[in-house]
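Have a look at the structure below, then the notes.
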Amino acid sequence: DIRSLGCEEKRELLATIEQAVAFVTTMIFQDGSSQLSSEQVLTSSVKGVVVLVKNQTDHPCPPSYSSIDYTWNAANENDKLIYLKTEWSSLWEQEQQAHKKFAWQVLFQMLHCKVPIICFNAKDFLRTLLQVYGNEISWKQVADSVVLDPRIAAWLINPSDTVPSFESLIQKYFEKPFSMGTVNTDTGTLRNASVSTLKLFFLIYLYQYQNLRVNLEKLYNVMRYLARDLQVQGLWKLFCTLELPLIKILAVMETHKIHVNTQELKKTSDILGLRLKELEQEAYQVAGGQFLLTSSSQLREVLFEKLKLHVLCEKVHRTEIQQLVSTSEVVLNKLQDLHPLPKIILEYRQVHKMKSTYVDGLQTCIRKGFISSTWNQTGTVTGRLSAKQPNIQGISKHPVRITKKQYIKGKEAEIVTISPRTLFVSKKGYSFLAADFSHIELRILADLSSEPELLKLFQEPETTDIFSTVASQWKGIPSEEVKHADREQAKRIVYSVVYGAGKERLADSLGITPLQASQFIESFMQKYKKVHEFTKKTIEQCRNKGYVVSIMGRKRPLVNINAQDYKLRTQAERQAVNFVVQGSAADLCKMAMVEIFTSVVISPTLTARLIAQIHDELLFEVEDSQILEFSALVKRTMESLQQTTALEVPLKV
DNA sequence: CTAGCGTCA
DNA sequence: TATCTGACGCTAG
């Protein structure tokens with residue numbers, strides 16, 4: 001505990017840190033658990049940080065990779081275990097101020113000496129440092145630290161394991177099941193003891209931290225094994241140049257808060273609530289009885305057993321598992337001429353979704369007028385990021401129109417449009433700047449397949465919007481008359497076809513017969529022959545190797561690629577093709593994030609901060625005076641990735 | 001077609 | 001009473 005150190009000892013500690021070859025660290029929570037515990041405690045606040053300082057004199061002979069009976073007791077005793085308290089009850093005491101200052105000194109030195117800091121869930125660690133020492137440091141100062149996260153390493157090796165735990169890693173790399181330090185954290189029984197409580201607490205702490213020392217020692221070795229694995233599998237470069245720098249970016253992103261217009265939020269919630277009530281009444285009238293509009297099973301009963309609407313309509317879609325008549329949007333669309341109810345349900349669903357997810361759902365994420373998403377770097381199999389609380393990547397783009405009843409005489413109803421994204425407001429003197437790759441996956445597909453027709457489309461500057469072009473061709477209308485919905489549909493069709501859609505699904509999506517759909521697929525394949533060649537080649541490679549690889553070497557193993565079961569096998573085939581393209585697009589977007597972050601950190605003047613990543617889109621908050629300079633930098637950086645990755649096709653932002 | 005997350009029953 | 005699953009619907013390509 002650094003608080004117990006004298007002046008000379010403090011000096012020695014800083015000297016030791018300077019000599020260190022690695023740090024292994026974890027946060028300790030109020031309830032005594034650490035970041036290594038499987039059940040991540042969100043309610044418990046951070047109490048302090050424990051650091052195992054690996055000394056220069058260590059590892060004379062690193063344990064061989066094959067040796068599984070490596071004895072943990074042999075861990076170097078010169079390694080120092082230090083505890084830094086980060087939680088302070090009150091700061092007015094001078095002694096505490098001094099402790100906090102020294103703790104910061106230690107951490108600052110750790111972050112800046114370019115020695116790897118190994119931490120399980122490093123993003124949370126960095127974010128906490130930024131929050132605790134927010135007054136002392138700027139976010140740019142975490143930029144040159146070197147963090148290694150075993151969890152991310154494990155995920156790169158097996159991306160299907162979306163939540164690899166510390167225990168599972170130990171099991172994997174040391175085979176025999178391993179019991180986490182069985183520390184009795186239940187100190188309640190001791191609290192009433194008549195003996196010196198203080199002394200007992202001290203003993204418990206000592207025991208806990210000894211245990212932690214063992215676990216950190218294990219974590220260190222797990223990281224070494226993982227590093228070896230990454231190198232063997234060709235994932236090391238991806239890990240070091242892309243995923244590790246991203247940890248810091250996400251940590252910084254999570255410390256930034258976005259302001260929400262709460263008054264507007266409340267107002268729209270009320271408007272939507274009123275509209276829902278109206279729709280509910282209308283539904284009961286036309287259905288001839290009350291039922292729960294949100295329940296698909298009750299709706300199914302009303303539509304198909306009471307009103308028997310499905311018999312009037314051929315071929316209605318059924319649910320996957322139970323083979324019941326579906327109540328999904330496509331079916332409801334087909335039924336809307338037969339009865340007024342489907343239309344009401346469709347609007348009800350739209351309004352309900354808007355209210356529950358984007359308005360009321362957002363409200364639950366707000367703290368003091370601000371929101372800040374939690375970003376998951378290991379949450380997908382394709383390498384994309386995911387976000388939650390709120391899922392800022394999933395917030396509706398399109399506005400919904402509501403007819404609001406006005407109780408003012410002379411004006412009966414008023415149409416209001418509600419678009420959730422306008423509820424976010426930038427800081428005063430700042431603006432939001434969004435930069436997105438245009439048709440990123442399609443461009444990557446063009447490059448990977450070397451399809452001449454597709455390449456031509458992107459290399460010729462007159463093509464501004466592929467999907468609008470496709471839509472105008474498909475619908476036979478001039479490109480100026482292509483509506484947003486048409487473009488959106490064209491986009492879905494193109495992706496559906498290139499990723500191997502069946503004729504039935506495509507027919508549903510287009511509102512045509514399966515025969516027409518299969519003809520469409522056929523003509524598409526005829527026009528873009530090389531795309532089909534690419535998918536065949538990808539599947540073939542996957543069959544041989546058992547995995548597929550993105551342009552930056554990201555891997556996805558697909559065990560079902562050689563399955564007997566037709567359904568499983570063809571699904572794996574589509575996943576293989578999709579991974580190569582989606583994964584490569586994810587690589588590019590992450591590269592853009594890293595490069596832009598680095599540029600801003602280097603710049604003495606730029607202050608722009610990344611707010612969100614919506615897959616192909618980066619959203620920044622930029623000082624108004626810097627918008628021109630920064631937007632040019634962003635565009636330049638993103639488009640220059642064509643050269644960095646030696647793409648045949650230009651990238652457009 | 002492929003990835004996700006949130007809501008509801 | 002609490003947790004899990006399936007269906008649905010929004011996002012991204």
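All chains are named by letter (A, B, ...) in the order of the sequence lines, taking the proteins before the strands, and each is independently numbered beginning at 1.
Here A:D486 does not pair with A:K483 in a salt bridge; the nearest charged N to carboxylate O distance is not below 4.0 Å. The pair A:K123-A:D149 does not meet the salt-bridge criterion, since no charged nitrogen lies less than 4.0 angstrom from a carboxylate oxygen. Note on A:R443 versus A:D447: no salt bridge recorded, every NZ/NE/NH1/NH2 to OD/OE distance being 4.0 Å or above. A salt bridge links A:R275 and A:E347; the closest N-O separation between the charged side-chain nitrogens and carboxylate oxygens is under 4.0 Å. Under 4.0 Å is where a charged nitrogen must lie from a carboxylate oxygen, and between A:R543 and A:E573 at least one such pair does. Taking the charged nitrogens against the carboxylate oxygens, A:E533 and A:K537 have no contact shorter than 4.0 Å, which rules out a salt bridge.
A:V577 comes within contact range of no nucleotide atom at all, as no heavy-atom separation falls under 4.0 Å. Nucleic acid contact class of A:Q582 (heavy atoms, under 4.0 Å, all strands): base. Counting non-hydrogen atoms under 4.0 angstrom, A:R574 reaches the backbone sugars and phosphates but no base.
A:H398 has a side-chain polar atom (N or O) that falls below the 4.0 Å cut-off from OP1 or OP2 of C:dT11. Between A:T327 and the phosphate of C:dC8, there is a side-chain N or O to OP1/OP2 separation shorter than 4.0 Å. Regarding contacts with the backbone of C:dA7, every side-chain N or O of A:S297 stays at 4.0 angstrom or more from both OP1 and OP2.
Atom CG of A:L293 and atom C1' of C:dC8 are 15 Å apart (whole Å). Taking atom CD of residue A:E320 and atom P of nucleotide C:dC8, one finds them 11 Å apart after rounding to whole Å. For A:H439 and C:dA12, the NE2 to P distance is 13 Å, given to the nearest whole Å. As a whole-Å value, the separation of A:I321 CD1 from C:dC8 C1' is 14 Å. Atom P of nucleotide C:dC10 and atom CE of A:M354 are separated by 9 Å, given to the nearest angstrom. Look at CG on A:L588: it is 15 Å from C1' on C:dA12, rounded to the nearest Å.
When all heavy atoms are compared, the tightest approach of A:W375 to A:Q393 is CZ3-NE2, 3.7 Å. The two residues A:D587 and A:S550 make their nearest non-hydrogen contact at OD2-OG, 2.5 Å.
Counting 5' to 3', DNA chain B first comes under 4.0 angstrom of a heavy atom of chain A and last does so at the ends given by B:dC1 to B:dA9.
Out of C:dT11, C:dG9, C:dC8, the shortest distance to the side chain of A:S296 is found at C:dC8.
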TODO: Could you go through the ring-ring contact (aromatic ring centres under 6.0 Å, His included) check for A:F467 and A:Y495 one step at a time?
DONE: CA-CA 10 Å; A:F467 299 121; A:Y495 285 119; 5.7 Å; yes
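The stretch residues 536-572 of chain A comes close to DNA chain B through A:R556, A:Q571, each having a heavy atom under 4.0 Å from the strand.
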